[in-house]
Amino acid sequence: METESEPYVRLATLRQLHQVMADMNTARSLADTLQTVADGVVTGLGYELACVNLVQPDGDLVVAALAGNSAAEALITGRVGSRTSWERRLTMGEAWGDLRFIPHTEGWVLDEDDVPQWYTDGPAPRFEDEWHPADRLFAPMYTPGVPGGSCGELIGVLSVDRPRNGRHPGAWGREALQMYAFQAAIAISNARLRANMQRALVRLEREQQALRASEESFRQAFEYAPSGIAIAEMGGDQHGRILRTNDALCRLLGRPASSMRRYSFSDLVHPEDIGTLLRTSAEGGRAELRLCRRDGTYLWVSLRNSVVADATDGPRFLLTHVEDIEDRKRRELQLAHRASHDSLTGLPNSAELRSRLGARLCARPAAIEPGVVDTIDAAYGYGPAEHTAVGVYDANGHGFDYRPGPEAFDAYDHHVHTVAPEGERDDGTKGLAVLFCDLDGFKSINDRFGHNAGDAVLIEVARRLGGDEFVVLADGLGRADAQDLAVRLRNEIIQPIRVDGRAMRVGASFGIGWAHCGMTADEVLQSADERMYIEKRSRPKAHRRAG
């Protein structure tokens, strides 16, 4: 670089400097940019050595590039100097605009700090502006600041040494170095942005690849899963609408995927199971219910729901696993039926009869010791929690009950009471009639034709009773209705029964009892049984036997 003593600057030198700056802005990477900056000081500004010290994320400065001396490059490239030591350097010596010059007369105090540096030998200066080997010249690089304002953030420092002409740079040389540092800061900032963008693009591409791989894995798991899977929409006007189904679910319900998208699960569920479905859909979890197949039949399935949430919008989709449990459910129902029905006739057994009858009857409160406080639910054995009342009873079971609120209630108020007609005449009261049926002449059939014939008679009588119990529970009847029902049942039973080619007959005696609240199931059955024996004894023996 020419000195300022020359009346002009050679055009070739300006062209060379322009080319150096152009190279800085066209480097392909951040590392290439840093090395180009260091090389440009040597080739374009006329210094024998140049070093780029770059600010790291922690604030310290690392030697990122060096040009002009391979030995110095191997010695200090990659080494780090503390930010404190660098700030000390940038406040010492002489300020040449934005540059900082530390002459050899002051620089000796820096020989022992932690900033990486190299030492060059040379003779002592012979005149005032001659460069001394221990002189130091730094050009700070700042990010572009606000136009007309202060500089931006420090991103690095250019260290230069040994001008080729051996003299301190003059005004033009200082201005050129300062301008170069400014352009280098822009080039380094742009290179960093490009590097960050490239890293972000690489990271985004990897994430997209991972997402595509995840989506493909999900697609395969979804499509080829052995159990049915569906995705349904959540929220909005289309809440619950099925968006996608796999082949297993389509086969299970006998419906093509195109038609499944016209439905929601609420359209397919059995009416009795709609409440279970809605609770499960809103809360996730698992439920067992029935879904309608294309042919109109219902299939027992297990639904396992998972809410797929969006980080910003909340629940978006419902992922539903559908498993066929028809065989298991059928076995469970068969076991439950066997536990509550007679194995020969298929009719409800005695335990089921008492359960059905007891479900209609509310018991009177039992006597409780004086002063005992209990809840109505505990005393009566039923009642929802919101109807819980506190009762205080004396030794005879009399007492009162109350609950918090403006109104007290009777323990029976939430129960539809079963009442019985009063007297022997039909007074219009409709109640729960219990018809106790005894087969007349059945023992003689067992004795004469064997138990197989007796079993066949029982099966046929059960069929004629319409699938009901030999104890008939008939709700909503008056006295005349109950008597008429007994006559019609007797007339049906006495019809001949053919077993192994033989015609057999049995008669029937009915005792009509009436259930009302306050009675137990056993008391109701005992009452009907007693009336049956009264009715049996009141009829001639010949009329009782029909076989």
Side-chain angles (χ1 to χ4, degrees), residues 1-4 9-57 59 61-68 81 83 86-87 89-102 115 135-164 168-196:
M1 181 67 66
E2 297 83 353
T3 65
E4 75 266 3
V9 178
R10 294 176 185 173
L11 183 60
T13 302
L14 290 177
R15 287 176 177 170
Q16 187 178 21
L17 186 59
H18 174 75
Q19 183 61 46
V20 168
M21 292 184 177
D23 292 343
M24 284 193 306
N25 290 289
T26 57
R28 301 183 60 181
S29 66
L30 177 61
D32 289 345
T33 299
L34 295 171
Q35 189 60 52
T36 302
V37 169
D39 293 340
V41 174
V42 175
T43 60
L45 295 179
Y47 293 91
E48 293 184 9
L49 290 173
C51 177
V52 179
N53 302 274
L54 193 65
V55 176
Q56 299 185 119
L61 282 75
V62 63
V63 178
L66 191 144
R83 182 65 173 262
W86 271 107
E87 288 177 349
R89 274 170 160 72
L90 296 179
T91 57
M92 287 178 60
E94 304 173 16
W96 292 352
D98 289 339
L99 306 179
R100 182 64 61 171
F101 175 71
I102 304 177
V115 173
D135 287 341
R136 293 174 173 87
L137 180 58
F138 304 119
M141 296 180 292
Y142 298 96
T143 57
V146 179
S150 61
C151 296
E153 181 182 359
L154 180 71
I155 65 171
V157 179
L158 281 175
S159 300
V160 299
D161 193 15
R162 292 168 48 182
R164 287 196 180 94
H168 296 165
W172 192 90
R174 299 173 188 177
E175 183 70 19
L177 180 58
Q178 186 170 307
M179 292 175 57
Y180 187 83
F182 177 78
Q183 294 296 326
I186 295 176
I188 293 173
S189 296
N190 291 339
R192 275 181 164 174
L193 287 175
R194 289 194 301 270
N196 290 338

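Residues take their numbers from the sequence shown, with the count starting at 1.
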Is any side-chain heavy atom of [Y] closer than 4.5 Å to one of [X]?
X: His168; Y: Asp135; result: yes
X: Val42; Y: Tyr47; result: no
X: Val160; Y: Leu45; result: no
X: Pro169; Y: Leu137; result: yes

How many angstroms lie between atom [atom1] of [X] and atom [atom2] of [Y], to the nearest 0.5 angstrom?
X: Leu30; Y: Leu54; atom1: CG; atom2: CG; value: 6.5 Å
X: Met141; Y: Ile186; atom1: CE; atom2: CD1; value: 12.0 Å
X: Ile155; Y: Arg192; atom1: CD1; atom2: CZ; value: 6.0 Å
X: Ile188; Y: Leu193; atom1: CD1; atom2: CG; value: 12.0 Å
X: Glu175; Y: Leu99; atom1: CD; atom2: CG; value: 9.0 Å
X: Leu177; Y: Phe182; atom1: CG; atom2: CZ; value: 14.0 Å

Looking only at non-hydrogen atoms, find the nearest pair between [X] and [Y] and report the distance.
X: Thr33; Y: Arg194; answer: OG1-NH2, 4.1 Å
X: Arg100; Y: Arg89; answer: CG-O, 3.5 Å
X: Asp32; Y: Thr36; answer: O-OG1, 2.7 Å
X: Leu34; Y: Ala64; answer: CD1-CB, 3.7 Å
X: Ala191; Y: Ser29; answer: CB-O, 4.5 Å
X: Val63; Y: Cys51; answer: CG1-SG, 3.5 Å

*Is the backbone N or O of Leu66 less than 3.5 Å from a side-chain atom of Gln35, with the two atoms forming a donor-acceptor pair by type?*
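Present.
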*Output all residues satisfying salt bridge (Lys or Arg N to Asp or Glu O under 4.0 Å) with Glu87, sequence neighbours left out; order by chain, then residue number.*
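With neighbours one apart ignored, the set is Arg83.
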_Set of residues satisfying ring pair (Phe, Tyr, Trp, His ring centres under 6.0 Å) with respect to Phe138, sequence neighbours excluded_ =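 Checked Phe138 against ring pair (Phe, Tyr, Trp, His ring centres under 6.0 Å); matches are Trp86.
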*So with a 6.0 Å cut-off around CE of Met179, is the heavy-atom count from everything else above 12?*
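No, not enclosed.
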